[in-house]
Q: 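Following this message is one structure expressed as structure tokens.
Reckoned from all heavy atoms, side chains included, excluding hydrogens, waters and symmetry mates. Chain letters run A, B, ... following the sequence lines, proteins first and then strands; every chain starts at 1.
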Protein chains: 2
Amino acid sequence: MTGGTELPTRERPAPAPTTETTAPRADAPAPTTGTAVADGPTAAPSPALPEPALDEIRLEAVLHALADPVRLRIVGELAAGHSEMSCIAFGLPVTKSTSTHHFRVLREAGVIRQHRRGTSRMSALRREDLAALFPGLLDSVLAAVGRQPAGPPPA
Amino acid sequence: MTGGTELPTRERPAPAPTTETTAPRADAPAPTTGTAVADGPTAAPSPALPEPALDEIRLEAVLHALADPVRLRIVGELAAGHSEMSCIAFGLPVTKSTSTHHFRVLREAGVIRQHRRGTSRMSALRREDLAALFPGLLDSVLAAVGRQPAGPPPA
DNA sequence: GTCGAACTACGAAAGTCGTCGTACGATGGC
DNA sequence: GCCATCGTACGACGACTTTCGTAGTTCGAC
């Protein structure tokens with residue numbers, strides 16, 4: 001079963017590279033240009049957190065980001081009429097550390113954008129961007145989330 | 001950041017339980033009823049491989065199954081006008097062992113169905129089932145696969 | 001009967017992922 | 001200035017995923 005064109009091997013949906021305003025994690029992708037960070041002439045960190053540009057968003061990374069119940073919940077609530085929400089507003093059943101991890105996965109995949117507001121981090125869906133890149137994908141996922149029962153299938 | 005309703009924890013998109021006709025893998029989910037296995041009165045294994053029933057297919061498992069470049073390639077080729085294909089026909093750039101692993105992930109998530117034909121394993125998309133469960137999802141993914149460049153984003 | 005081919009179970013190795021606790025920084029209120 | 005709150009970096013842990021090689025099963029051709 002060998003031959004054919006090479007596929008990307010093993011680099012399981014690498015999150016899109018983002019532009020960093022702080023020291024990146026060791027495993028964070030290298031920063032790139034074209035980020036949507038809005039900066040003044042000051043050197044102070046921007047309130048917007050680094051996010052991938054439109055052409056850096058990959059289907060595998062988006063699907064991987066959505067293939068988790070916690071992240072599906074976050075995306076569902078962001079879609080339910082809220083233009084933006086702070087992390088604490090979600091009432092997630094995991095610790096703050098884990099929540100921060102999930103928000104970062106969503107942001108680095110290009111599913112959400114975040115900016116600071118005081119001590120809070122406001123998150124919003126990149127609805128138009130995802131609709132432009134993968135028409136109908138987010139709507140299908142949100143429709144499915146709205147009616148799928150929570151939790152694993154019955155024993 | 002605690003509170004709110006419990007989400008399924010950690011059970012990372014558990015593949016839907018399937019009905020087995022052979023000894024399951026140690027980590028395979030327990031067999032369930034309602035499988036689409038077509039059997040005669042004989043005890044011989046059925047040519048159809050076990051697959052989850054419609055109500056056992058979970059969004060997270062489907063998204064997880066699709067969040068991999070090898071499996072996206074398989075699904076893309078199955079969608080490209082082929083009603084069914086044998087495993088060897090895909091020319092995947094991984095070994096037979098790994099290919100078998102990927103086909104099993106797709107089948108257990110409910111994305112494809114498989115049956116034996118001689119020494120071959122014929123695979124087909126569960127197009128109507130997925131359209132019924134998650135309208136527009138598969139079409140969006142296939143449309144995106146058709147135009148997304150292969151491989152990781154440029155350095 | 002043997003043989004070749006397709007396919008898989010099993011186990012191992014390496015890497016990834018989700019979880020958490022701890023310690024810290026940034027912000028706003030006082 | 002201190003304090004409370006929000007959020008995060010870091011590291012650790014356990015489980016999961018992807019990869020492959022090996023040995024085996026099943027099927028069809030001869």
Side-chain angles (χ1 to χ4, degrees), chain A residues 1-2 7-15 20-28 44-47 49-50 60-61 64-65 67-71 85-90 92-109 114-123, chain B residues 1-2 7-15 20-29 44-47 49-50 60-61 64-65 67-71 85-109 114-123:
Chain A
M1 281 192 187
T2 57
L7 284 183
T9 57
R10 203 40 206 276
E11 288 142 290
R12 262 306 282 343
E20 302 290 343
T21 53
T22 59
R25 289 173 67 102
D27 58 343
S46 157
L49 275 71
E60 289 96 327
H64 173 69
D68 177 272
V70 173
R71 297 196 290 271
M85 288 168 67
S86 67
C87 297
I88 196 172
F90 290 83
L92 296 170
V94 292
T95 66
K96 295 168 72 173
S97 308
T98 306
S99 296
T100 296
H101 162 77
H102 283 301
F103 280 103
R104 187 172 57 81
V105 171
L106 285 169
R107 175 169 49 82
E108 290 183 357
Q114 290 184 295
H115 67 275
R116 302 184 190 87
R117 187 196 286 170
T119 54
S120 297
R121 294 297 169 269
M122 314 304 293
S123 302
Chain B
M1 276 192 190
T2 57
L7 285 182
T9 57
R10 203 40 205 279
E11 288 142 288
R12 264 307 282 341
E20 303 290 342
T21 53
T22 59
R25 290 174 65 101
D27 58 345
S46 156
L49 276 71
E60 288 98 327
H64 173 70
D68 178 274
V70 173
R71 296 196 289 271
M85 288 168 67
S86 66
C87 298
I88 197 173
F90 290 83
L92 296 171
V94 292
T95 64
K96 294 168 75 169
S97 308
T98 304
S99 295
T100 297
H101 161 76
H102 283 303
F103 279 103
R104 186 172 58 81
V105 170
L106 286 170
R107 175 168 49 82
E108 290 184 355
Q114 290 183 294
H115 67 275
R116 299 185 190 88
R117 188 197 286 168
T119 54
S120 297
R121 296 296 169 266
M122 313 305 294
S123 304

Q: A/Glu60 CD to C/dT16 C1': how many Å, rounded?
A: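 About 16 Å, once rounded to whole Å.
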
Q: Grab the CE-C1' distance between B/Met122 and D/dG28 for me, whole Å please.
A: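 It works out to 15 Å between those atoms.
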
Q: What integer distance in Å separates B/Leu49:CG from C/dC7:C1'?
A: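 One finds 10 Å between C1' of C/dC7 and CG of B/Leu49, rounded.
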
Q: Can you confirm whether A/Arg107 sits close enough to A/Ser123 that some side-chain heavy atom of one is under 4.5 Å from a side-chain heavy atom of the other?
A: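 Result no, sub-4.5 Å side-chain heavy-atom pair not found.
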
Q: 5'-most contact on DNA chain C: B/Gln114 or A/Thr119, nearest heavy atom basis?
A: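 Upstream on the strand: B/Gln114.
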
Q: To the nearest angstrom, how far is B/His115 atom NE2 from C/dA6 atom P?
A: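 Going from NE2 in B/His115 over to P in C/dA6 covers 17 Å.
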
Q: Give a yes/no answer on whether the side chain of B/His102 brings an N or O atom under 4.0 Å of OP1 or OP2 in D/dT17.
A: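 So the side chain of B/His102 is outside the cut-off, no N or O lying under 4.0 Å from OP1 or OP2 of D/dT17.
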
Q: Please give, in whole Å, the distance from C/dC20 P to A/Leu92 CG?
A: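 Spelled out: CG on A/Leu92 to P on C/dC20 is 11 Å.
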
Q: B/Arg117 CZ to C/dC7 P: how many Å, rounded?
A: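 Nearest whole value for this atom pair: 12 Å.
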
Q: Taking CZ from A/Arg104 and P from C/dG18, how many angstroms apart are they, rounded to a whole number?
A: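 Between P of C/dG18 and CZ of A/Arg104: 10 Å.
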
Q: Which sits closer to the 5' end of DNA chain C, A/Thr98 or B/Ser86, going by the nucleotide each is nearest to?
A: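 Result of the comparison: B/Ser86.
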
Q: Return the nearest nucleotide to the side chain of A/His101; candidates are C/dG18, D/dC6, C/dA6.
A: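 Nucleotide nearest to A/His101's side chain: C/dG18.
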
Q: Closest heavy-atom contact between A/Ala61 and A/Ala109?
A: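 Closest pair (atom of A/Ala61, atom of A/Ala109, distance): O-CB, 3.6 Å.
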
Q: For the side chain of B/Thr95, counting heavy atoms from C-beta on, which of D/dC6, C/dC7, D/dG21 is nearest?
A: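 Selected nucleotide (nearest to the side chain): D/dG21.
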
Q: In terms of side-chain heavy atoms of B/Cys87, which of C/dT19, D/dT8, C/dC7 is nearest?
A: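 In terms of side-chain proximity for B/Cys87, the closest of C/dT19, D/dT8, C/dC7 is C/dC7.
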
Q: If you look at every strand shown and take non-hydrogen atoms under 4.0 Å, does A/Ser97 touch a base, only sugar-phosphate, or nothing?
A: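 Since a base atom lies under 4.0 Å of A/Ser97, the category is base.
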
Q: Quick one: is C/dG18 close enough that its OP1 or OP2 comes under 4.0 Å of any side-chain N or O from A/Arg71?
A: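 The answer is yes; a side-chain N or O of A/Arg71 sits under 4.0 Å from OP1 or OP2.
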
Q: Looking at side-chain heavy atoms only, is the closest gap between B/Arg116 and B/Leu49 below 4.5 Å?
A: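 Touching, per the 4.5 Å side-chain cut-off.
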
Q: Rounded to whole Å, please give me the gap between CZ in B/Arg116 and P in C/dT8.
A: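 Spelled out: CZ on B/Arg116 to P on C/dT8 is 8 Å.
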
Q: Given D/dC20, D/dT8, C/dT19, identify the nucleotide with an atom nearest to the side chain of B/Val94.
A: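 Looking only at heavy atoms from C-beta outward on B/Val94, the closest nucleotide is D/dC20.
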
Q: Is there a side-chain contact between B/Arg71 and B/His64, using heavy atoms and a 4.5 Å cut-off?
A: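 Contact flag for B/Arg71/B/His64 side chains = yes.
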
Q: Between D/dG7, C/dT8, C/dA6, which nucleotide gets closest to the side-chain atoms of B/Thr100?
A: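 Closest of the options to the side chain of B/Thr100: C/dT8.
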
Q: Looking at side-chain heavy atoms only, is the closest gap between A/Cys87 and A/Phe103 below 4.5 Å?
A: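 SC-SC contact between A/Cys87 and A/Phe103 confirmed.
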
